[in-house]
Q: 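So that we are looking at the same thing, I have put the structure below in structure tokens.
Chain letters run A, B, ... following the sequence lines, proteins first, then strands; residues in each count from 1.
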Amino acid sequence: METKPRRSSYVPQEIESKWQKAWEERGVMKASDMSPKPKYYDLVMYPYPSGDLTVGHARNYVMGDVLARMKRMQGFEVLHPFGWDAFGLPAENAAMKRGGIHPQTWTLENIAKGRRELKMMGILYDWDREVISCMPDYYRWTEWLFLLFYERGLAYRAMAPVNWCPVDKTVLANEQVINGRCWRHPDVEVEKRDLEQWFLKITDYAERLLDDLQLLEEWPHKVRVMQTNWIGRSEGAEVDFPVVGMEGESIRIFTTRPDTLFGATFMVLAPEHALVEKVTTEPNRSRVREYVATARKASDIDRLSTEREKTGVATGGFAINPVNGEKVQIWVADYVLVTYGTGAIMAVPAHDERDFEFARKYNLPIREVIAPPGGGGDDLSEAYVGPGEMVNSEQFDGLDSKTGFDRIVTWLEQKGTGKRTVKYRLRDWLISRQRYWGCPIPIVYCEVDGIVPVPVEQLPVLLPDEYKPLADNPDFWRTTCPKCGREARRETDTMDTFVDSSWYFLRYASPHDINEAFDPELANRWMAVDQYTGGVEHAILHLLYSRFFTKVLFDAGMLDVSEPFVRLFNQGMVKRFGQVMSKSAGNGVSPDELVAKQGADAGRIYEMFIGPPEEDVEWSDAGLNGVVRFLQRVWRLVLEPESIMVSGGSASAVDPTLLHRKVAQTIKKVTDDYDGLRFNTAVAYLMELANTMQDYLQGGGARDAGWDAAVRVLVKLLNPIGPHISEEMWERLGEGGPERGLLADATWPEFDAAAATEPQVTLVIQVAGKVRDRVTVSAGLSEEQALASALASDRVRAALNGAKPSKVIYVPNKLINLVP
RNA sequence: GCCGAGGUGGCGGAAUGGCAGACGCGUCGGUCUCAAAAACCGAUGAGGGCAACCUCGUGCGGGUUCGACUCCCGCUCUCGGCACCA
């Protein structure tokens, strides 16, 4: 067979910048607020401008870009904006490292760099809508939103034991403490301090944040589960245990197992509980005080470890179990948390593992009140925490524990010593940060008027130009009280950057609005976000906060939607040499490198093809070369088909109707896969189409109208993912032009179901329960006709080998029966 | 410990209950070349057969079904999250 090696004349470097310029000049990705077309809001999580953008990070943005381009071609008015989460610690650290440089300078430099790198990857945004959270025209409205929360009673200041990172010298939110360590410094244990801090009252929204998770059907299951657990709803009862010898004083406990109340043999208070001092009797006082002091000092990492043996001390005080009048000891132990429930528990060692361990250690009584189904209840080697039949519970004996739960609660409610309650694990969101580089909290402290919000007309409270701690800068904090005009002091803490990012997706709707945070009409035009793409590391923090903000703004009548993100997707990370790709790790591939060597299109397609989008993937240069080969073959198929025909190897001709069917099927598969973010299989189908087209040519297929149609479909389907090469080929085919192009003309190939497949059924022919053969026949035939035609074939006769089929099963074919 | 996701060739990975391994990488063979690289053509789950073909094969053990990677039950391993939340 004759072969003529021929190199394709596809040279990405010669065409990519040309098209990037053309798109920008034509403004093809500018979203119109007035367009009559249906809207599509395609959002990627705005990044922190660390200056570390590699092709690994770009994978996320390519996904968003593929979707934006396809949706645009499909006739949607697409909002595909970008911005920067620009406040935050790394800027301050870098500023310190580089001696005297201002965090803003460093941040804006990185932003400029990042913008350029995104553009060279061919990723298109409506840059007119760019938001930068550290600029006054943005953070002014973050301040404004804080005041809105304050007005609505959702921002408050409180003294609280807080998580303090000794390295960053700032307070952290609960969500930013991981295993008792700082989220930024996995080696650094978080300390506990008591400080006056600002909180946002997210707990008011716990129930709705939980309930509405059910509406988010297009979120990853995993994220919904994580948020559910984080919010942590528990149904139970609060019960009052009167303190012995103290008239009118009682300890309120929370339990999820009121059915075990008769098994409560002692009580435990958290060390920080308000009644500890009161219930402690004299001989125990010094020991209790010592224990409490030690517990308060201990870091969470010590205190929360489950491996650690439980410790505690008896107070000497007693309380009365309200269900049976029994006197029970009151203990103090740090396994009870002051921040959950009421900070006090009834201990039921027979049916709670923690209480059991504690009772064993300190020889406290254990009484079984729930008998496991099937007996075996005498085993006291461990707590039985499951359901069962109530015993030792007086009038409730014999009830199953679930019924007992309800009966006991009702009884307590009638007696007035308890009530049904729901508790959440979620805590209020601590937003104060003792840092310079953040959004100022617009509050003034006046000796006369107390906490005074800065009047809206006086916003923004600007960060001073000089980079030093705000508390050390009297020019900043020295002010006058907006109410009485006396000397007053500004709040010198700034806000958690997660406040900035909790509403940026709304700002994109009207980014230049100087009168309000966002124009409700425009926000409602674009919201909710149809597709939100970003890392799973934000499964709780950012996504929970953004949902909270959206609900508050919904309640304030500023938004019509109460959930911000319809469909969420968490992409995997790109690794290289086994590590996440990054410049600092030294294993990064920069967009510059990639574009110079293989071109942006090959890089984009490779990143989509490399593996399932939600999985972490390993970058390999060999794999990238495979995509380069694919693009060169496409180029030759489209523009230089003669070179393919003469180099042919495949002898078998491809039937033209098979080519047409393949084309139709590919339209269906690729469209669905882009839509469903299954980019890896979308690329595979494009490759299959190219393979089929090549076989067709090499089998002597004519370059007729059908061929031309196939070529055009291939180019169009390729466009979202490999836009530069597609636009160039389109122009060279005579379809595009200086003012036109695939994206500008915006047409997407239509799926022709009739062309994609012919109605078929598969006959499964069996002899004695064993499959002998399968035959695909036209669906129009009756069973007899189908069988007769199947039996006429040599292959089936050979398979049967004289035997008679004992069974024939008709299987309707899939709509898409891909041609081999 | 609890919750969740997942175990498919040498590798990344495809498969609405209907011919497992698409697509790509790698490897092997070939064409071209003085040669090599690149490019192109072909082969490539394992075992057997000159061959057409045959047998086995999706972590392990059962089950449902004419038919199971796919559904059900039990186990096991890996990864991710949470972790004294009463």
Side-chain angles (χ1 to χ4, degrees), chain A residues 1-8 178-179 220-226 228-230 232-234 236 253-257 260 268 270 303-308 310 333-337 339-348 351-355 357-358 385 423-427 536 539-540 606 609-612 614-618 620-627 629-630 632-633 643-644 646-651 678 680-688 690-691 698 761-762 764-766 769-771 773-776 798-799 806-816 818 820:
Chain A
M1 213 161 302
E2 194 195 347
T3 59
K4 241 184 212 162
R6 179 148 156 68
R7 205 179 283 272
S8 150
I178 295 147
N179 289 333
H221 174 73
K222 177 184 173 175
V223 173
R224 292 164 69 187
V225 170
M226 282 168 73
T228 302
N229 293 339
W230 188 263
R233 183 179 198 274
S234 296
I253 61 101
F254 173 70
T255 178
T256 55
R257 294 292 302 272
T260 64
V268 186
R303 213 177 134 174
L304 294 180
S305 162
T306 40
E307 268 107 77
R308 198 177 61 113
K310 292 189 182 9
D334 65 4
Y335 80 91
V336 175
L337 308 174
T339 47
Y340 184 77
T342 58
I345 62 157
M346 65 165 187
V348 185
H351 306 293
D352 182 282
E353 285 164 12
R354 297 151 300 184
D355 298 343
E357 185 194 332
F358 196 78
V385 297
K423 293 280 181 202
Y424 295 92
R425 208 190 77 123
L426 186 71
R427 313 285 155 76
V536 71
I540 295 171
Y606 176 58
F609 182 56
I610 186 169
E614 68 278 11
E615 298 290 329
D616 289 354
V617 292
E618 175 76 20
S620 100
D621 293 336
L624 179 57
N625 285 337
V627 173
R629 277 197 281 273
F630 164 65
Q632 284 179 339
R633 198 164 63 218
S643 76
I644 300 249
V646 296
S647 69
S650 161
R678 294 179 296 269
N680 54 329
T681 46
V683 175
Y685 291 123
L686 288 171
M687 288 173 166
E688 275 192 47
N691 291 346
Q698 294 181 345
V761 294
T762 299
V764 179
I765 299 167
Q766 296 184 346
K770 222 172 162 195
V771 177
D773 201 1
R774 292 156 199 272
V775 188
T776 302
S806 58
K807 190 159 193 172
V808 179
I809 298 154
Y810 292 77
V811 181
N813 266 12
K814 321 170 190 182
L815 173 65
I816 294 305
L818 286 174

Q: Counting side-chain heavy atoms from CB outward, which of rC40(B), rC82(B), rC23(B) is closest to Met687(A)?
A: rC23(B)
Q: Which part of the nucleic acid, if any, lies within reach of Gly341(A) when heavy atoms closer than 4.0 Å are counted: base, sugar-phosphate only, or nothing?
A: nothing
Q: Could you tell me how far apart Glu353(A) (CD) and rC2(B) (P) are, to the nearest whole angstrom?
A: 9 Å
Q: Could you work out which one of rG13(B), rG80(B), rC84(B) sits closest to the side chain of Lys222(A)?
A: rG80(B)
Q: Between Asn229(A) and Gly626(A), name the one whose nearest nucleotide on RNA chain B is closer to the 5' end.
A: Asn229(A)
Q: Which nucleotide in the list rG26(B), rA86(B), rA83(B) gets nearest to the side chain of Ala622(A)?
A: rG26(B)
Q: From C-beta outward on Val225(A), which listed nucleotide comes closest to its side chain: rC3(B), rG81(B), rG24(B)?
A: rC3(B)
Q: Check the distance between rC3(B)'s P and Ile540(A)'s CD1 and give it to me in whole angstrom.
A: 17 Å
Q: In whole angstrom, give me the gap between the C1' atoms of rC69(B) and rG45(B).
A: 15 Å
Q: Look only at the side chain of Tyr606(A) and the backbone of Gly626(A), and say whether a donor-acceptor pair between them is shorter than 3.5 Å.
A: no
Q: If only side-chain N and O atoms of Arg224(A) are considered, is one of them under 4.0 Å from the OP1 or OP2 phosphate oxygen of rG4(B)?
A: no
Q: Send over the distance from Glu614(A) CD to rC79(B) P, rounded to a whole Å.
A: 19 Å
Q: So, for Thr260(A) and Met346(A), which heavy atoms are closest and what is the spacing to 0.1 Å?
A: OG1-CE, 3.6 Å
Q: Name the nucleic acid region contacted by Ile345(A), choosing base, sugar-phosphate or nothing; use a 4.0 angstrom heavy-atom cut-off, strictly under.
A: base
Q: Defining pairs by Watson-Crick or G-U wobble geometry with both distances under 3.5 Å, how would you list the stems of RNA chain B with at least three pairs each?
A: B:1-7 with B:76-82, B:10-12 with B:23-25, B:26-31 with B:39-44, B:45-48 with B:53-56, B:59-63 with B:71-75
Q: Provide the distance between the two P atoms, one in rG21(B) and one in rG9(B), to the nearest whole Å.
A: 14 Å
Q: Between rU70(B) and rU65(B), how many Å separate the two C1' atoms, rounded to a whole number?
A: 13 Å
Q: Give the rounded distance in Å between these two atoms: CD of Glu615(A) and P of rG80(B).
A: 12 Å
Q: My understanding is that only residues two or more places apart in sequence, or in another chain, count here; which of them pass salt bridge (charged side-chain N to carboxylate O under 4.0 Å, His left out) with Arg629(A)?
A: none
Q: If only side-chain N and O atoms of Arg629(A) are considered, is one of them under 4.0 Å from the OP1 or OP2 phosphate oxygen of rC25(B)?
A: yes
Q: Provide the distance between the two P atoms, one in rA68(B) and one in rA86(B), to the nearest whole Å.
A: 45 Å
Q: Search all heavy atoms of Ala539(A) against all heavy atoms of Met226(A) and return the closest pair with its distance.
A: CB-CE, 3.7 Å
Q: Which whole-number value in Å describes the distance from Glu688(A) CD to rG21(B) P?
A: 12 Å
Q: I'd like the C1' distance from rG81(B) over to rG13(B), given in whole Å.
A: 25 Å
Q: Between rG4(B), rA86(B), rC23(B), spot the one nearest the side chain of Asp352(A), thanks.
A: rA86(B)
Q: Using atom C1' in both nucleotides, what's the gap between rG17(B) and rG26(B) to the nearest angstrom?
A: 33 Å
Q: Contact class for Asp355(A) vs. all strands (heavy atom < 4.0 Å): base, sugar-phosphate, or nothing?
A: nothing
Q: Rounding to an integer number of angstrom, what distance separates rG7(B) and rC60(B) when you compare their P atoms?
A: 13 Å
Q: Describe the nucleic acid contact of Ser234(A) in one word from base, sugar-phosphate, nothing, applying a heavy-atom distance below 4.0 Å.
A: sugar-phosphate
Q: Within the structure shown, what part of the strands sits under 4.0 Å from Asn680(A) by heavy-atom distance: base, sugar-phosphate, or nothing?
A: sugar-phosphate
Q: Could you tell me how far apart Tyr685(A) (OH) and rC23(B) (P) are, to the nearest whole angstrom?
A: 11 Å
Q: From rC84(B), rA83(B), rC23(B), pick the nucleotide closest to the side chain of Trp230(A)?
A: rA83(B)
Q: Tell me whether the count of non-hydrogen atoms from other residues, nucleotides or ligands lying under 6.0 Å of CD in Glu353(A) goes above 12.
A: no
Q: State which of rA39(B), rA14(B), rG24(B) makes the closest approach to the side chain of Thr681(A).
A: rA14(B)
Q: Go through rG4(B), rA86(B), rC84(B) for me and flag the one nearest to the Thr255(A) side chain.
A: rA86(B)
Q: Ignoring the backbone of Phe254(A), work out which of rA86(B), rA83(B), rC84(B) is nearest its side chain.
A: rA86(B)
Q: Taking only side-chain nitrogens and oxygens of Gln698(A), does any of them come within less than 4.0 Å of OP1 or OP2 of rC41(B)?
A: yes
Q: Using the P atom as the reference point in each nucleotide, state the distance between rG24(B) and rC41(B) in Å, no decimals.
A: 11 Å
Q: From the set rG81(B), rC23(B), rA83(B), return the single nucleotide nearest to any side-chain atom of Phe609(A).
A: rC23(B)
Q: Counting N and O atoms only, with roles assigned by atom type, does the side chain of Arg633(A) sit under 3.5 Å from a partner on the main chain of Met687(A), one being a donor and the other an acceptor?
A: no
Q: To the nearest angstrom, how far is Asn691(A) atom CG from rA14(B) atom P?
A: 18 Å
Q: Hey, which of these two, His221(A) or Arg233(A), hits RNA chain B nearer its 5' end, going by closest nucleotide?
A: His221(A)
Q: For rG9(B), measure the glycosidic angle (O4'-C1'-N9-C4 for a purine, O4'-C1'-N1-C2 for a pyrimidine) and name it syn if it falls within 90° of 0, otherwise anti.
A: syn
Q: Measure the distance from CZ on Arg425(A) to C1' on rC82(B) and round it to the nearest whole Å.
A: 7 Å
